[in-house]
Engineer: 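The following block contains the structure, expressed as structure tokens.
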Amino acid sequence: VSNDQLINAMAAINIVQGMTGWLAPKSTMSSYGLKEMSGEEVAFLRILMGINVVSGVTLMADESNAVNTCLTAWALSTAANVPLLESFNPPKAPLMGSVAVFGILGELARQGKLSDSVAFNILSCLLVPLSAAEIFAPQAPLDAFGMPSPSPLAKSLFENFSFSKMSTGLFLVVSKLTGKRGLGLAAAAGCNGINCIKTVTRADKLGIKKSGLFVWTALQTAVAVMAYKNEM
């Protein structure tokens with residue numbers, strides 16, 4: 001299996017999974033054995049699924065358009081999240097500011113008014129170090145969005161969201177630095193595998209089945225290994 005085929009397959013999986021989870025969040029989680037979800041948890045799941053779609057379209061994009069595609073898709077995904085969060089009365093400024101920044105950067109990059117290197121550096125910082133900070137210190141961004149006390153499941157979904165962003169960033173960064181998209185895919189899939197393993201460790205406390213997580217872990221590990229070997 002070539003790396004182009006692997007990239008297209010993972011892009012399709014991310015998009016289909018993201019769209020399905022966004023449209024039918026409770027049905028999605030019922031497959032993991034979870035029967036009840038609060039409105040807050042549904043919102044966090046849809047936020048996660050939105051960024052999975054962003055990841056998918058970024059993987060699918062041509063190399064020359066990947067950065068502006070990612071920024072524009074992220075702006076649209078964030079805009080779709082605003083109505084989901086309104087019932088929790090979060091501060092509007094961070095949400096609307098994020099939509100505006102991502103959208104403007106994406107359009108400037110598309111028009112060539114923002115250089116590829118500058119757009120790439122900005123996006124890389126937003127996706128990789130910022131996501132890492134969210135994983136290790138999630139309370140600060142949760143406070144900023146007016147959610148100081150999320151449920152354990154909501155907090156877990158937020159961590160999954162941060163890992164998904166980091167995965168997308170690693171794909172872009174490693175692909176650009178090495179000139180090999182296969183190595184970018186290997187890095188992204190490896191990050192996703194770590195995300196799955198971390199979720200497995202807290203699955204019992206969250207009341208979700210581990211079987212599905214094991215399948216995702218195996219899939220991501222297999223993709224990472226195959227993509228890496230294809231580039232060697």
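The first residue of the sequence shown is numbered 1, and numbering continues consecutively from there.
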Engineer: Heavy atoms, side chains only, cut-off 4.5 Å: are K210 and D204 in contact?
Structural biologist: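 When only atoms from C-beta onward are counted, D204 and K210 do touch, with a gap below 4.5 Å.
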Engineer: Compare all side-chain heavy atoms of I47 with those of F158 and state whether any distance is below 4.5 angstrom.
Structural biologist: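 No; the side chains remain at least 4.5 Å from each other.
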Engineer: Could you measure the distance from the CG atom of L206 to the CD atom of E41? Nearest 0.5 Å is fine.
Structural biologist: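 It comes to 9.0 Å.
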Engineer: For T217 and G193, work out which heavy atoms get closest and say how close.
Structural biologist: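 Taking T217 first and G193 second, the nearest heavy atoms are CG2-O, 4.4 Å.
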Engineer: Does some side-chain heavy atom of I208 sit less than 4.5 Å from a side-chain heavy atom of L213?
Structural biologist: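 SC-SC contact between L213 and I208 confirmed.
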Engineer: Does the S55 side chain pair with the main chain of I51, one donor and one acceptor, at a distance under 3.5 Å?
Structural biologist: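 A pair under 3.5 Å: no.
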Engineer: Given 3.5 Å as the limit, does a donor-acceptor pair link the side chain of R181 with the main chain of L59, or not?
Structural biologist: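 Here the side-chain-to-backbone pair exists.
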Engineer: Are I122 and V54 grouped together when hydrophobic residues (ILVMFWY) are joined by side-chain heavy atoms under 4.5 angstrom apart?
Structural biologist: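 Cluster IDs for I122 and V54 match.
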Engineer: So, the side chain of S167 versus the backbone of F163: is there a donor-acceptor pair under 3.5 Å, distance only?
Structural biologist: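 Not at all, since once roles are kept as given, no pair shorter than 3.5 Å links the two residues.
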Engineer: Out of N52, N14, V128, L127, which one pairs with T168 under the side chain to side chain contact (heavy atoms under 4.5 Å, CB included) rule?
Structural biologist: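 With T168 as partner, side chain to side chain contact (heavy atoms under 4.5 Å, CB included) holds for just one option, L127.
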Engineer: Is the CD atom of E36 crowded by more than 12 outside heavy atoms at less than 6.0 Å?
Structural biologist: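 It does not: E36 CD has 12 such atoms or fewer within range.
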Engineer: Are V118 and L123 linked, directly or through intermediate hydrophobic residues, by side-chain heavy-atom contacts shorter than 4.5 Å (ILVMFWY only)?
Structural biologist: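 L123 clusters together with V118.
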Engineer: Does E134 have any side-chain hydrogen bond (donor to acceptor under 3.5 Å, both in side chains) partners at least two apart in sequence or in another chain, and if so, which?
Structural biologist: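 Result, side-chain hydrogen bond (donor to acceptor under 3.5 Å, both in side chains) vs E134: S162, K165.
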Engineer: Please report the shortest heavy-atom distance between G56 and A11, naming the atom on each side.
Structural biologist: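 So the minimum-distance heavy-atom pair works out to O-CB, 3.3 Å.
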Engineer: Would you kindly confirm whether L6 and V215 end up in one hydrophobic cluster when ILVMFWY residues are joined by side chain heavy atoms under 4.5 Å apart?
Structural biologist: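 Hydrophobic grouping puts L6 apart from V215.
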Engineer: In Å and rounded to the nearest 0.5 Å, what is the SG to CG distance from C125 to L130?
Structural biologist: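 Rounded to the nearest 0.5 Å, the SG-CG separation comes out at 9.0 Å.
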Engineer: To the nearest 0.5 Å, what is the distance between CG on L45 and CD on E40?
Structural biologist: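 If we round to the nearest 0.5 Å, L45:CG and E40:CD are 12.5 Å apart.
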Engineer: Under 4.5 Å between side-chain heavy atoms, counting indirect links through other Ile/Leu/Val/Met/Phe/Trp/Tyr residues: same cluster for I197 and V200 or not?
Structural biologist: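 No, separate clusters.
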Engineer: Would you call N160 and S156 a side-chain contact if the rule is heavy atoms closer than 4.5 Å?
Structural biologist: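 With C-beta onward as the side chain, the pair touches.
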Engineer: Tell me, do L34 and M37 make a side-chain contact under 4.5 Å, heavy atoms counted?
Structural biologist: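 Yes. Closest side-chain heavy atoms under 4.5 Å.
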Engineer: Do the non-hydrogen side-chain atoms of P25 and M49 ever get within less than 4.5 Å of each other?
Structural biologist: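 A side-chain contact under 4.5 Å is absent here.
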Engineer: Can you check whether L185 reaches E231 side chain to side chain, under 4.5 Å on heavy atoms?
Structural biologist: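 Sidechains of E231 and L185: no contact.
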Engineer: Using 0.5 Å steps for rounding, measure from the CG atom of L71 to the CG atom of L126.
Structural biologist: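 The CG atom of L126 is 7.5 Å from CG of L71, to the nearest 0.5 Å.
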Engineer: I'd like to know if the side chain of S175 reaches the main chain of L172, judged simply by a donor and an acceptor atom lying under 3.5 Å from each other, with no hydrogens or angles considered.
Structural biologist: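 It does not hold such a pair.
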Engineer: Determine which pairs satisfy ring-ring contact (aromatic ring centres under 6.0 Å, His included) with at least one residue from residues 109-134, sequence neighbours left out, and list them in order.
Structural biologist: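 Qualifying pairs, neighbours excluded: none.
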Engineer: Determine all donor-acceptor pairs shorter than 3.5 Å in which one atom belongs to a side chain in residues 223-230; sequence neighbours excluded.
Structural biologist:
| unit_1 | atom_1 | unit_2 | atom_2 | d |
| --- | --- | --- | --- | --- |
| N230 | ND2 | V1 | O | 2.8 |
| N230 | ND2 | N3 | OD1 | 3.0 |
| N230 | ND2 | M226 | O | 3.4 |

Engineer: Please determine if E159 and R202 form a salt bridge, counting it only when a charged side-chain N lies under 4.0 Å from a carboxylate O.
Structural biologist: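 Looking at R202 together with E159, the answer is yes, because their closest N to O distance falls below 4.0 Å.
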Engineer: May I have the list of side-chain donor-acceptor pairs in residues 63-70 shorter than 3.5 Å, sequence neighbours left out?
Structural biologist:
| unit_1 | atom_1 | unit_2 | atom_2 | d |
| --- | --- | --- | --- | --- |
| S64 | OG | D62 | OD2 | 2.5 |
| T69 | OG1 | N65 | O | 2.7 |

Engineer: Please check if the number of heavy atoms outside M60 that lie under 6.0 Å from its CE is greater than 12.
Structural biologist: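 Yes, enclosed.
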Engineer: Under a single-linkage definition using a 4.5 Å side-chain heavy-atom cutoff for Ile, Leu, Val, Met, Phe, Trp and Tyr, are F214 and L219 assigned to the same hydrophobic cluster?
Structural biologist: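 Yes, F214 connects to L219 through the hydrophobic network.
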Engineer: What distance do Q111 atom CD and L108 atom CG have between them, rounded to the nearest 0.5 Å?
Structural biologist: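 Nearest 0.5 Å value for the CD-CG distance: 6.5 Å.
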Engineer: Determine whether a donor-acceptor pair (N or O, by modelled atom type, separation under 3.5 Å) exists between the side chain of Q220 and the backbone of C191.
Structural biologist: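 Such a contact is absent between Q220 side chain and C191 backbone.
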Engineer: Indicate the atoms forming the closest heavy-atom contact of P138 with F136, along with that distance.
Structural biologist: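 Looking at all heavy atoms of both residues, the shortest contact is CD-C, 3.7 Å.
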Engineer: Does W216 reach the side chain of T199, with side-chain heavy atoms less than 4.5 Å apart?
Structural biologist: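 Result no, sub-4.5 Å side-chain heavy-atom pair not found.
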Engineer: Would you give the length of the straight line joining atom CD1 of I135 to atom OG of S131, rounded to the nearest 0.5 angstrom?
Structural biologist: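 The CD1 atom of I135 sits 6.5 Å away from the OG atom of S131.
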Engineer: Verify, without hydrogens or angle tests, whether R46 (side chain) and W22 (backbone) share a donor-acceptor contact under 3.5 angstrom.
Structural biologist: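 At least one qualifying donor-acceptor pair exists.
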Engineer: Would the distance check show the side chain of S30 and the main-chain N or O of S27 forming a donor-acceptor pair, the cut-off being under 3.5 Å?
Structural biologist: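 It does hold such a pair.
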Engineer: Please name all residues satisfying ring-ring contact (aromatic ring centres under 6.0 Å, His included) with F44, sequence neighbours left out, ordered by chain then number.
Structural biologist: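 Testing F44 for ring-ring contact (aromatic ring centres under 6.0 Å, His included), a comparison that skips the adjacent residues, returns none.
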Engineer: Applying ring-ring contact (aromatic ring centres under 6.0 Å, His included) as the test, list every pair that has at least one member in residues 167-194; sequence neighbours left out.
Structural biologist: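 Checked against ring-ring contact (aromatic ring centres under 6.0 Å, His included) - neighbours excluded - no pair reaches residues 167-194.
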Engineer: Given the rule in the side-chain contact (heavy atoms from CB on, under 4.5 Å) test, do K176 and D116 qualify, once you have shown the distances and angles that lead to the verdict?
Structural biologist: CA-CA 11 Å; K176 184 174 181 64; D116 290 343; 5.8 Å; no
Engineer: Do Q5 side-chain atoms and S2 backbone N/O form a donor-acceptor pair below 3.5 Å?
Structural biologist: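 Looks like yes, one N/O pair under 3.5 Å.
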